[in-house]
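The structure under discussion appears below in the form of structure tokens.
Chain A is the first sequence line, chain B the second, and so forth, proteins listed ahead of strands; every chain is numbered from 1.
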There are 2 protein chains.
Amino acid sequence: MLTDQRHQIIRDRLAVEGRVLAGELASHFGVSEDTVRRDLRELAKAGECRRVYGGAVASAPLAAATVGQRSGHAVEEKMRLASAAVRLLSAGQSLFIDGGSTNAAIARAIPRELDLTVATNSLGVASALSDHPQVELIVLGGRFVRELGTCVGADTLAAIAQLGADLCFLGSCGLDAARGVTAFDSAEAEVKRAMARNSTGIVVAVTNDKLATAAPYRVARAEAIRHLVVEKSAPAAILADFERQGAEIHFA
Amino acid sequence: MLTDQRHQIIRDRLAVEGRVLAGELASHFGVSEDTVRRDLRELAKAGECRRVYGGAVASAPLAAATVGQRSGHAVEEKMRLASAAVRLLSAGQSLFIDGGSTNAAIARAIPRELDLTVATNSLGVASALSDHPQVELIVLGGRFVRELGTCVGADTLAAIAQLGADLCFLGSCGLDAARGVTAFDSAEAEVKRAMARNSTGIVVAVTNDKLATAAPYRVARAEAIRHLVVEKSAPAAILADFERQGAEIHFA
DNA sequence: TCACTTCTTGCATAAACGTGCAAAACATGC
DNA sequence: GCATGTTTTGCACGTTTATGCAAGAAGTGA
């Protein structure tokens with residue numbers, strides 16, 4: 001990978017997320033942290049970002065515009081969850097990745113040189129993976145739902161039915177030990193169910209505000225969750241319920 | 001292999017992928033890396049790319065055409081073509097939009113409030129339309145091809161088969177009055193053919209460099225083209241051939 | 001304060017680079 | 001045909017660049 005490409009990707013990320021972490025970029029690119037730090041120093045010298053301890057942030061005028069506007073809710077937390085979730089991956093696996101901002105963050109955190117097969121109905125996830133040379137990317141088409149950023153409907157279900165995956169990253173609108181993974185929309189839930197059904201293991205990564213809440217449509221029961229990725233500050237009592245039902249808990 | 005041929009292929013690759021590697025090109029052409037470096041130096045001198053350590057990147061750092069990759073070639077022209085092409089649209093129509101940087105430009109030029117139904121296999125087009133509130137967007141999924149930024153394969157064909165459209169915006173790798181619309185890749189051509197078959201009218205928008213050239217795979221005959229959008233400077237003789245076969249010519 | 005992480009600097013190495021040169025391919029003129 | 005000049009290419013050479021590692025400095029948080 002060319003130095004210039006790294007710089008471009010770092011620029012893009014700064015524009016989207018407002019800040020980058022040296023360690024994260026290093027594992028994403030598959031280079032040493034020293035190299036990333038050199039990159040950041042150069043970009044900073046060119047005025048394209050400001051260097052801070054641990055990484056870099058977008059230069060002042062830009063930062064205000066983008067960071068705020070971007071699906072800004074809990075960006076930091078989601079990136080931390082993503083880093084933890086990516087540790088569940090290994091080369092050669094096949095994945096379903098559902099929509100939602102947390103899953104988009106996970107897709108962005110996937111190391112660039114990791115060898116995977118990924119099927120997704122999310123435009124954001126597809127875009128994030130579209131420059132990963134080792135990822136065989138399958139787009140699950142269908143009717144595009146603007147609010148979700150994903151495709152749903154009969155076509156989507158038909159495409160999923162033809163596939164199987166090792167892991168399924170389910171976006172969750174609500175997560176409750178009794179009601180399991182739930183979604184706000186019927187068609188969306190149907191797609192999630194299909195993905196879950198055709199996967200060996202289910203991974204759910206959620207921020208604290210989703211814990212112990214539920215949406216109307218059931219997607220998967222709590223005991224179907226194999227990996228649960230949560231914030232360090234997640235209430236232990238709630239996690240215990242999931243652990244009892246067989247989930248492995250991973251802290252961001 | 002002629003020097004000029006190599007240069008043209010390098011230009012194409014830069015337009016599609018945004019970057020090239022010296023070593024990769026050398027083995028692809030079967031020449032030494034020195035020769036490739038000479039080529040890159042010349043192209044860079046002519047302003048057609050920027051030389052970087054390890055290869056070269058497309059020079060125009062303007063808006064991303066496909067997904068994240070720069071498709072710097074003839075950006076201005078493509079935007080002008082797009083403005084002209086969009087004038088062919090009217091509310092309530094249904095469209096197929098194929099991949100390619102020109103079609104991505106067209107998608108970006110579609111007015112935000114226009115009421116349309118659009119089916120596309122291009123991630124770039126889908127992203128461009130994902131915030132158009134009046135566009136019913138259908139994503140044609142399938143195996144994602146990084147170099148093209150589009151989906152191809154059996155799934156894509158199956159999805160297209162279920163749809164019909166008023167207009168089909170065909171990306172064209174080469175356009176010749178005798179051989180019609182042609183493409184570089186077999187699977188890509190198959191998808192284009194399916195779109196064309198299920199549409200009432202075909203629209204082709206091309207820059208001058210595509211005129212009177214042909215790629216190996218045939219997509220549609222020249223007489224199938226209803227609307228041809230070209231630059232003002234397009235050679236009249238070539239256009240006359242298309243006009244004779246029933247195409248309406250639109251100047252950007 | 002101390003332990004820990006992150007940063008910079010210097011250095012070694014391998015890859016990529018440009019340059020000069022000679023052989024080969026090709027065209028041109030006699 | 002033969003000589004001449006031009007262009008293209010590959011190779012050898014020394015130089016530059018990118019990168020990772022090591023060691024010490026500096027920042028961070030308890």
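Residue A/T3 places at least one side-chain N or O under 4.0 Å from the OP1 or OP2 atom of D/dT19. Side-chain nitrogen and oxygen atoms of B/T35 include none within less than 4.0 Å of the OP1 or OP2 phosphate oxygen of D/dT9.
Taking 4.0 Å as the cutoff to heavy atoms of chain A, we find the contact window on DNA chain C bounded by C/dT5 to C/dT9.
If you check the side chains of B/T35 and B/S32, you find a donor sitting under 3.5 Å from an acceptor.
Side-chain N/O atoms of A/Y53 and base N/O atoms of D/dT28 include no donor-acceptor pair closer than 3.5 Å.
At a threshold of 4.0 Å, the pair B/E24-B/R13 counts as salt-bridged, since one of the basic side-chain nitrogens sits closer than that to a carboxylate oxygen.
Both B/G23 and A/R41 sit near DNA chain C, but only A/R41 has its closest nucleotide nearer the 5' end. Residue whose closest nucleotide on DNA chain D sits further toward the 5' end, between B/G30 and A/D39: B/G30.
Around atom CZ of A/R179, more than 12 heavy atoms belonging to other residues, nucleotides or ligands sit under 6.0 Å away. Within a 6.0 Å sphere centred on NE2 of B/H28, other residues, nucleotides and ligands contribute 12 heavy atoms or fewer.
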Can I get a per-line list of side-chain donor-acceptor pairs under 3.5 Å for residues 228-235 of chain A, giving both atom names and the distance, sequence neighbours left out?
from, atom 1, to, atom 2, distance (Å)
A/E231, OE2, A/N208, N, 2.9
A/K232, NZ, A/A252, O, 2.8
A/S233, OG, A/N208, ND2, 2.9

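For residues 29-55 of chain B, the set of pairs meeting the ring pair (Phe, Tyr, Trp, His ring centres under 6.0 Å) definition, not counting sequence neighbours, is empty.
Distance B/F29 CZ to D/dT9 P: 11 Å, rounded to the nearest Å. The nearest whole Å value for the distance from the CZ atom in A/R51 to the P atom in D/dT28 is 12 Å.
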